[in-house]
Amino acid sequence: MPRVTFTQINDIVMRQLSNNQSRLAKLQEQLSSGKALNRPSDAPIDVVNDLELRSSISHRGQNMRNSENGGTYLTVLDSTMMGFDDLFQRTRELALQGANDTLLPRDRQYVNNEVRQVMLQMVNLANSSYKGDYLFSGTDTDKAPYSVLSGNCDFDTLATDPSDPAYVAAPQTFQIFDRNATDAISTPSLNGNPEVRRLIPGTVTIANLVEGTDYTVDYVQGTVTFLTAAADAEAAAGTLNMSFDWVRRNELPNENGVINREVERGIIMQINVKANDVFGSETEMDAFSSVITLMQGLHTSTQAEIESSITNLDTSFRRILGQQATVGSWFNRMESTLDRNQENITISTDLQSQLEDLDFAKAISDFTLADSIYQASLKSASKVLTATLMDYI
Amino acid sequence: MSLFEGLSVGNRGLSASQLAINVTGQNISNANTEGYSRKRLGTVADYREDGAFGQMGFGVDVRYIERVRNIFIDRQLNTQLSDKGYTESIDYSYERLENIHQEPGDTGITQAMDEFWNAWSDLANNPGDKSSREALKSTATVMTERFHYTAAEIRSYKLSINDQIAQQVEKINDIATKISELNGVIMNAEGLDTQNANDSRDLRDQLLKELSDIVKVSTVEDERGAVTVTLSGSMLVSPGNVYKLETVRESITEADGFKFSFYTMRFEGASESTTAQGGRLKALFDARDEIIPKYENELNAMAETFVTKINENHVTGYSLYHMTGIEFFDSTKISASNIKISAALEEDSNNIAASVGGNLTPVTSHPVIRLAGSDLIDLTNVATGGNVMFRNVASGSMKLIRQSDGREMLEGADKDYVLDYESGRIRFNPASAATPIVNETYEVTFKYNDSGFSGVGDGRNAIKISMLRDAKLMDADSFGNYTHTVSEFFSGYIGRLGVERNQAASELETQKSLVEQLSGQQQEISGVNLDEEMSNLIRYQHCYQASARFIRTIGDMLEVLMTI
């Protein structure tokens with residue numbers, strides 16, 4: 001039988017008590033922090049998984065934010081384009097009204113005024129912005145795509161002297177150029193300035209000359225054709241001055257720029273539409289030009305023009321509808337991505353919680369058990385430590 | 001045998017019992033003394049040659065007081081104590097390292113990194129917005145600060161270990177000196193064969209135990225009782241001498257320029273350093289030289305990757321001011337302790353290059369003429385007379401020099417001229433002190449984007465950088481391909497820390513139980529059992545009483561003789 005000394009007994013008792021105490025302390029730490037994993041050594045593999053899950057949840061959360069942001073953008077875009085739909089409907093109605101051949105030119109002018117108001121509303125819509133960024137400007141989001149400007153033209157390049165080799169007898173047609181353009185990057189025209197297009201019918205005036213008799217205007221192209229010698233006379237006198245309003249398509253270097261959102265890991269989605277796709281490019285009959293053809297017809301009271309403008313309006317309308325369909329499909333895709341991300345986050349959070357969070361029921365029962373063991377060890381220690389032969393001698 | 005002999009026998013019995021009780025008393029008093037081994041009387045029955053009976057008993061002979069001790073268990077225990085000291089110290093180091101990192105949690109590096117990547121994505125959603133830029137700048141700053149904190153805490157722990165090394169070496173010297181003194185005492189006291197310097201030996205054994213905890217040593221006792229203590233093959237204590245250790249400072253400069261004095265250990269007068277082979281001291285050296293630097297290096301590798309990879313992608317992008325070549329992080333600071341956002345970013349968050357596009361081209365000494373009657377000049381090409389206009393001139397890149405007097409015109413609304421960056425047009429200030437003259441020739445040096453800046457709303461560079469979150473940037477394999485993303489690397493780092501801690505902790509548990517077992521065995525042999533001593537006390541007391549009785553009996557018998 002091995003010899004047992006008091007020191008040994010003491011050591012054993014102390015060791016066991018301290019083991020029990022440290023077990024209790026660990027459970028207590030878990031209970032008060034609510035976490036099963038308080039430090040890497042608690043369960044290293046779990047900690048690695050936990051950290052990776054946390055990062056994944058954070059990433060997906062960001063993707064969700066991006067999707068929501070994108071979704072809102074697309075919603076705003078969609079409602080803007082629906083606004084256009086309404087305006088085009090209205091324009092069509094007015095066109096049909098104006099096409100009624102019982103109307104007098106004066107009546108048609110009244111219709112024209114209404115159409116002008118609608119067109120100005122269209123320009124406003126085209127310049128819509130979301131959180132301060134223009135929707136249709138590509139990545140030049142700080143610049144509006146369209147402007148309505150007032151202009152002046154002196155026709156000082158008109159050759160008026162018959163001996164001038166450039167002189168051409170009436171009728172002469174002249175293109176108006178925008179000398180104030182500071183962004184002359186288009187095809188070089190007169191000294192590098194871009195053409196003026198989309199004059200607004202009803203706003204053009206030339207002093208002392210009569211439209212229709214002395215001159216005609218092609219409002220869409222921005223050209224003026226002088227018909228009579230009276231115009232030449234005015235030019236010679238240097239008093240030829242035209243004032244007009246026009247709709248300018250601002251030259252934006254990055255109008256085709258793409259705005260993206262990272263909606264899922266590694267997947268980026270475009271959310272913006274190009275102005276050319278919505279309104280048409282400068283080389284085709286764009287949305288505003290189509291309205292101007294109607295206005296031209298109403299202004300000059302030309303039945304044929306009014307009727308043919310309806311075709312233009314329809315083309316513009318369909319163009320916008322097409323883009324709306326694209327935006328709609330993007331929106332659906334964005335929504336489903338949002339759902340997927342949300343589901344993924346829920347699953348990951350659940351997994352992470354299983355790893356990291358404490359199972360309270362189990363921990364409390366473990367704690368109770370450890371506590372009773374501790375109490376038992378204290379009690380038995382007290383018995384063992386106090387018994388000695390000296391009590392009996 | 002005569003009666004007087006009997007008296008002598010009784011006497012001897014009395015003194016033997018007395019001695020025995022003294023020894024018992026000594027054991028009882030020292031029951032709780034650290035390192036005390038119980039003493040026992042070594043008695044032998046004495047005899048003398050007798051003609052009639054051959055050997056005749058002559059009482060009890062107390063030969064020696066022996067110390068009950070097993071030196072083999074002592075040696076084993078000391079070895080295990082060294083190992084336990086080592087693992088305990090290592091376990092503590094890992095515990096410290098773990099606590100510094102605060103993972104998993106919301107205040108660690110993982111969280112800061114996740115928010116950093118998120119902020120890039122938010123910037124991509126709104127590149128023109130000042131608040132997203134400021135948020136990115138702020139999350140980047142928080143992340144660098146977390147790196148700093150972790151690196152600084154690790155470093156400060158390393159420095160404290162360095163100090164502890166010096167302390168432990170001093171302690172070793174102290175113990176060695178005491179052992180040597182005890183060697184002297186024991187050698188003197190144990191002149192004859194039966195004399196034991198028991199208490200000095202106890203003291204010396206206790207000192208050896210303390211020494212083993214600090215550093216692994218081997219001991220050999222010679223026939224005179226002196227012990228030779230050897231540390232890593234060299235003598236620490238010899239029968240007549242002590243060879244002390246000293247610490248030598250070496251100056252170390254770390255990668256980020258931090259200097260500190262680093263201790264190595266050697267015997268006084270030696271030229272080579274000595275390495276400890278076990279015990280707490282070895283653990284301190286291992287922690288300082290291997291364990292901590294390993295983690296420091298990995299942390300630094302992460303910081304460096306952030307700096308280089310993000311800068312790589314950032315310098316090709318364009319800021320809101322149409323400039324390129326801007327660093328996001330200061331590229332001279334690539335350690336975890338000093339990683340920092342660049343000065344350009346610190347100054348203005350608009351310098352964050354969220355946009356991709358542009359082709360910044362430098363133009364030097366370009367001649368321009370100020371036209372008559374105009375406050376405005378276009379950056380035209382005078383030589384060919386064409387209309388090439390330099391647009392999207394990069395902010396801050398323009399230098400305008402008047403050729404006639406070489407004077408540099410200053411940019412500013414209140415100075416000599418104002419530049420419209422997008423159109424590239426220079427407008428002179430009529431009130432300028434430089435009095436710009438019409439028809440003057442100037443020379444201009446600047447940088448411009450001839451393909452055009454890609455727009456305020458372009459966040460593609462920001463998206464590209466935010467996607468670095470999933471790019472494999474760390475741990476190059478043998479082909480040079482990276483195998484892990486930064487967050488995988490870091491979670492692996494933390495996992496390794498946890499695993500190594502657990503390993504150390506379980507080794508410690510094993511060591512502890514080994515030490516306990518051996519301690520138990522030692523106690524079994526050398527420890528004082530009070531109950532045993534109690535019963536011994538009774539035994540010797542009775543023996544004393546009996547011897548006294550015997551003497552009285554002899555006395556009575558003598559008296560009978562005297563009264564004949």
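Letters A, B, ... are given to chains in the order of the sequence lines, protein chains preceding strands, and every chain is numbered from 1. Keep in mind that this is a model prediction, so the values were computed, not measured.
- Side chains of B/Asp122 and A/Arg65 form a contact here, defined as non-hydrogen atoms less than 4.5 Å apart.
- Between chain A and the options B/Gly108, B/Pro127, B/Gly105, B/Ser526, heavy-atom pairs under 4.5 Å are most frequent for B/Gly105.
- Between A/Asn260 and B/Arg460, the side chains place no donor N or O within less than 3.5 Å of an acceptor N or O (distance only, hydrogens not considered).
- Contact of the B/Arg501 side chain with the A/Pro40 side chain is not registered, since no non-hydrogen atoms from C-beta on lie closer than 4.5 Å.
- With values rounded to the nearest 0.5 angstrom, B/Arg469 atom CZ is found 9.0 Å from A/Ser56 atom OG.
- For A/Glu255, no part sits under 4.5 Å from any heavy atom of chain B, backbone or side chain.
- Ranked by heavy-atom pairs under 4.5 Å with chain B, the first of A/Thr5, A/Ile57, A/Thr141 is A/Thr5.
- Once rounded to the nearest 0.5 Å, the distance linking CG of B/Asn32 with CZ of A/Phe6 reads 7.5 Å.
- Between the A/Arg15 side chain and the B/Ser513 main chain, no donor and acceptor come within less than 3.5 Å of each other.
- Distance CG/A/Asp42 to CD/B/Glu98: 7.0 Å, rounded to 0.5 Å.
- When all heavy atoms are compared, the tightest approach of A/Thr7 to B/Ala31 is OG1-O, 4.1 Å.
- Interface remark: A/Asn63 contributes no atoms to any contact with chain B (heavy atom separation under 4.5 Å).
- The distance from atom CD1 of A/Ile9 to atom CD of B/Gln523, rounded to the nearest 0.5 Å, is 10.5 Å.
- Judged by distance alone, the side chain of A/Gln62 and the main-chain N or O of B/Trp117 form no donor-acceptor pair under 3.5 Å.
- Heavy atoms of B/Ile463 lying under 4.5 Å from chain A belong exclusively to its side chain.
- In terms of heavy atoms, B/Gly520 sits closest to A/Gln8 at O-NE2, 3.2 Å.
- Only the backbone of B/Val528 comes within contact range of chain A, with heavy atoms under 4.5 Å apart.
- Neither the backbone nor the side chain of B/Asp129 comes within contact range of chain A; no heavy atom of the residue lies under 4.5 Å from a heavy atom of that chain.
- Each of B/Gly527, B/Ser535, B/Gly495 has some count of heavy-atom pairs under 4.5 Å with chain A, and the biggest count is that of B/Gly527.
- In this structure, the portion of B/Thr110 lying under 4.5 Å from any heavy atom of chain A is its side chain and not its backbone.
- With rounding to the nearest 0.5 angstrom, the OG atom of A/Ser58 is 7.0 Å from the CD atom of B/Gln111.
- There is no contact between B/Ala505 and chain A, counting heavy-atom distances below 4.5 Å.
- Of the atoms belonging to B/Gln102, not a single heavy atom falls under 4.5 Å from chain A.
- Scanning both residues, B/Ser466 and A/Glu262, for their nearest heavy atoms gives OG-OE1, 3.7 Å.
- Side-chain contact between A/Glu356 and B/Pro104 is present, with at least one heavy-atom pair separated by less than 4.5 Å.
- For B/Glu532, the part sitting under 4.5 Å from any heavy atom of chain A is the side chain, from C-beta outward, and nothing else.
- Within the 4.5 angstrom heavy-atom criterion, only backbone atoms of B/Ile525 (N, CA, C, O) approach chain A.
- If you measure heavy-atom distances from A/Val4 to chain B, the contacts under 4.5 Å come from the backbone alone.
- In this structure, the side chains of B/Met467 and A/Ile268 come closer than 4.5 Å at one or more pairs of heavy atoms.
- Closest of all the heavy-atom pairs between A/Asn69 and B/Asn125 is ND2-CB, 4.0 Å.
- Ion pairing between a basic and an acidic side chain is recognised when a charged N comes within 4.0 Å of a carboxylate O; A/Arg265 and B/Asp470 show such pairing.
- If you check the side chains of A/Asn254 and B/Ser454, you find no donor sitting under 3.5 Å from an acceptor.
- Between A/Val48 and B/Ser491, the closest heavy-atom pair is CG2-O, 3.4 Å.
- Distance alone, capped at 3.5 Å, places no donor-acceptor pair between the A/Arg39 side chain and the B/His101 backbone.
- Heavy atoms closer than 4.5 Å to chain B are found nowhere in A/Lys35, neither backbone nor side chain.
- Residues A/Arg54 and B/Asp106 form a side-chain contact, since some pair of their non-hydrogen atoms from C-beta on lies under 4.5 Å apart.
- Within a 6.0 Å sphere centred on CG of A/Leu17, heavy atoms belonging to other residues, nucleotides or ligands number more than 12.
- How far CG of B/Leu97 is from OG of A/Ser41: 11.5 Å, rounded to the nearest 0.5 Å.
- Counting only heavy atoms from C-beta outward, the side chains of B/Ser487 and A/Leu51 never approach each other to under 4.5 Å.
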